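To start, the structure under review is shown below, and the notes come after it.
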Amino acid sequence: MASKNLVIVESPAKAKTIEQYLGKDYEVRSSFGHIRDLPKKGLNIDIEHDFAPTYEVSADKKKVVAELKKAAATREVWLASDEDREGEAIAWHLTQALKLDPAKTKRIVFHEITKPAIEQAIVNPRVIDINLVDAQQARRVLDRLVGYELSPVLWKKVRTGLSAGRVQSVAVRLIVEREREIRDFKPVVSFRVTARFTVNGSELPAELNIKLADKEAARPFLEACTGETFTVSNVAKKPGTRSPSAPFTTSSLQQEASRKLGFSVRQTMSLAQRLYEDGKITYMRTDSTNVSAIALDATEKYIKQQFGEQYHKRRQYQTKTAGAQEAHEAIRPTDASRLEAGADSQQQKLYRLIWQRAVASQMAEAKIDRTEITIKLANRSEFFVAKGEVLVFDGFFKVYGGNKDDVILPDVKAGQTLELRELLATETFSRSGARYSEASLVKKLEELGIGRPSTYAPTISTIQTRGYIEKTDLEGEERQVCVLSLDSKVVKETTRSEITGADKNKLVPTDMAEVTTDFLVKYFGDILDYDFTANVEGDFDAIAEGKKQWPVMIKEFYKGFHPLVEKSELASREEASQARELGKDPVSGKPIIARYGRYGAMLQRGEATDEEKPDFAPLPEGSKLETVTLDQAIEMFKLPRTVGKTAEGKEILADIGRFGPYIKVDKLFVSIKPLDPTTITESEARELYEAKLKKEAEKHIKEFDSGLKVLNGPYGPYITDGKKNARIPKTTDPVSLTEAEAKKILAEAPAKKRFTRRKK
DNA sequence: CAGTGAGCGAGCTTCCGCTTGACTT
């Protein structure tokens, strides 16, 4: 018998759980998120008529909507999408698509998937809050206007196919600005003084209370210490505590999984999705640290049983994030006593992390005894400080963090004299802000209230696939560090080298990102402003509270925004391309310019006039539009360069192509990576050329009179007529292949696949 | 597989946020 009620939620995994709680009178189905949206093609906003949007059922939701419609026909419908702006809009769109009366259809909400929460929701239905729906429409329309009016400007001024938007353009800007800070950063040098004392046979490491400015200050200080007396002036003992962190939200999960497990944000989300679908964790796209009372009770029971009363402390965490909508719980295990879950080792690691964080969040503080010993000098005002830390109660460290070793200091009393064993002054360099990783960028966006849990991972992908950002490992450079040491009353100077600036898996902007960001900031400063989202969120809140009409808000915004679009259309390509004159060519006297062209960053020698065409060259490997120098550019214009001749007397040319540096003899190209085409010698070139010839020769297995060739390719032997290739089956010996057989294989082979190459 | 860069014209690209699978060489 068919049930009388149809409950519609957003997620199918949720539907399954809720159906169990509600019993046979209720069928629970899911909408799979939004079902209607503005069509992808075209603006679909009637600017002249109160910005009226045109919606359509999304292509991938046609089937879902048709099925829901059928199911709704004979039942009472309960709209149970999430209780936030987007969820309310989904409920409203469902009434439109299913032809329900929004004023009469039952709307229910819950923040946790527990039996009491669902039962409570069912007895308290309301109707759709149209103000909240309007706030969502305002959000949607604003994002469409910004995205679809800004992007075409970039197609004209920078590069075709580019994109801009309220979220992605700010994400790119953050990375561009951080990179420039690093580029312009001048480290400040100072000297850190460390000492090793002995007392009653034990060691006491300590550090000077101040840093010394330079070697000229450090050396006399060390010298002065030879005649010093070191006395303990104070021993301070302070008890301290460490409290656990809140359970995970999407953003904090992404950060910790990146830091502790090395997962990318996308990887973390997909692993979490699987754990969620298996019912092992709660929903993974959330901005809330809230935990249901049932889960708190279960965690309490687990902690008390496992570790004892003193390890438990019930806590509710306040969600501090700007603009948090708190439609879901924090990410936690669905069963606190389940220590392991997950189908593979990665899922298991992520589950373990979620479990640890959630359980730890309900545990007692760790207690730490801190000791601070002050050591004064008889004749100087500077003093040394030794810090000790002993864990006296591990508390939540039992399950999460806290694998730091104790620093135990020897027992000393004020007035005791210490013997100096070692004294070092080590040069230190101040550091610039760190490059963003995927996870730290998400953290920053969350702080700014930009983007939502469901969009962090896709945003990071977008700015990479659009070619704004690259994820790279940076090598770093060696630098010399000066160390002064006191050795039997004499100050000795040594240097050791260290690597600086090495970075792994960090986000670095491309030239295109720098050019685009500068253009957007110049013409659309307000929208690229870090506070823009926070400001419009205020307006959305006013709409949600019924204090403002959404078309009024959008009209005000558009009145300021659209003229900027028109103004930006007047910018010259030259201006957008950031042309920068590096200097004059010493030979011709023509200006050499670095700029961003239609195909990317490039160098130009001479101006384009009616009589003259300029020369062009690519940027040297690894250099940037903003930092390339005149000398580097001059070298690039020396290409292609005649390196010399082969043993047979053929000319060897060196140049840089799309695939890096190469040499060319007749029509044969030979990659010379990592050699430099401006400096490669004739003998180096000959060696590479001959090696290539040998390899080419090995490639040929046989050739028939008709021109059919049997070659050795990277995937094994194959037949080619120059146009079409065909793999030779493993059962056939390529050497004894006859011409007729070869023809047959080639004719039967599938047609050449056409790869649609994405523009990079 | 080893260029190009002006401007014209065709027709294309593009946003953010909510959900999963269907895909991959």
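What you see below is based on every heavy atom in this structure, not just the backbone, and it leaves out hydrogens, waters and symmetry mates. In this text the structure is predicted, and so the values were computed from the model without any measurement.
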Point to revise | 5'-most by nearest nucleotide on DNA chain B - L43(A) or H328(A) | key: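 Here L43(A) is the residue nearer the 5' end.
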Practice item. Between K40(A) and P661(A), just flag the one whose closest nucleotide in DNA chain B comes earlier from the 5' side. Key: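 Closest to the 5' end, via its nearest nucleotide, is P661(A).
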Given [options], which nucleotide is nearest the side-chain atoms of [X]?
X: Q168(A); options: dT20(B), dC15(B), dT13(B); answer: dC15(B)
X: R144(A); options: dC18(B), dC15(B), dT20(B); answer: dC15(B)
X: R452(A); options: dC18(B), dG3(B), dT19(B); answer: dC18(B)
X: Y662(A); options: dC15(B), dT19(B), dA2(B); answer: dA2(B)
X: F669(A); options: dG17(B), dT14(B), dA2(B); answer: dA2(B)
X: T160(A); options: dG21(B), dC15(B), dT13(B); answer: dT13(B)
X: D143(A); options: dC16(B), dC15(B), dT19(B); answer: dC16(B)
X: H34(A); options: dC15(B), dA2(B), dG17(B); answer: dG17(B)
X: E86(A); options: dT19(B), dG17(B), dC15(B); answer: dG17(B)

Practice item. Quick one: label D60(A) by what it contacts on the DNA or RNA (base, sugar-phosphate, nothing), any heavy atom closer than 4.0 Å. Key: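 Answer is nothing: D60(A) stays at 4.0 Å or more from every strand.
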Review point. Is V146(A) touching bases, backbone alone, or none of the nucleic acid, heavy atoms closer than 4.0 Å?
Key: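 Nothing: the residue V146(A), judged by heavy atoms under 4.0 Å, touches no strand.
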Between [X] and [N], does any side-chain N or O lie under 4.0 Å from OP1 or OP2?
X: R285(A); N: dT20(B); result: yes
X: Q136(A); N: dG17(B); result: no
X: R159(A); N: dT13(B); result: no
X: T455(A); N: dG17(B); result: yes
X: Y283(A); N: dT19(B); result: yes
X: Q604(A); N: dG5(B); result: no
X: S454(A); N: dC18(B); result: yes
X: R274(A); N: dG21(B); result: no
X: R166(A); N: dG17(B); result: yes
X: S11(A); N: dT20(B); result: yes
X: R139(A); N: dG17(B); result: no

Is any NZ, NE, NH1 or NH2 atom of the basic residue among [X] and [Y] found under 4.0 Å from an Asp or Glu carboxylate oxygen of the other?
X: K638(A); Y: E635(A); value: yes
X: R274(A); Y: D344(A); value: yes
X: E88(A); Y: R107(A); value: yes
X: R140(A); Y: D37(A); value: yes

Practice item. Return the stacking result for dT4(B) and F616(A): yes when the ring centres lie under 5.5 Å apart and the planes under 30°, no otherwise. Key: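 According to the criterion (under 5.5 Å, under 30°), no, F616(A) does not stack.
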**Study point:** Aromatic ring of Y148(A) stacked on base six-ring of dT14(B), 5.5 Å, 30°
**Key:**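 Ring-base stacking flag set for Y148(A) and dT14(B).
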Practice item. For R605(A) and dG5(B), give me the distance from atom CZ to atom C1', rounded to whole Å. Key: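 The distance from CZ of R605(A) to C1' of dG5(B) comes to 15 Å, rounded to the nearest Å.
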Check your understanding: More than 12 heavy atoms of other residues, nucleotides or ligands under 6.0 Å from NZ of K62(A): is that the case?
Key ->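 Enclosed: over 12 neighbouring heavy atoms sit under 6.0 Å from NZ of K62(A).
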Practice item. Examine R144(A) relative to Y148(A) and say whether NZ or CZ is less than 6.0 Å from the centre of the six-membered ring and inside a 45° cone about the ring axis. Key: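 Judged by the rule (NZ or CZ under 6.0 Å from the ring centre, within 45° of its axis), R144(A) counts as positioned above Y148(A).
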Check your understanding: Is there a side-chain contact between I331(A) and T286(A), using heavy atoms and a 4.5 Å cut-off?
Key ->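 Yes, close enough: below the 4.5 Å cut-off.
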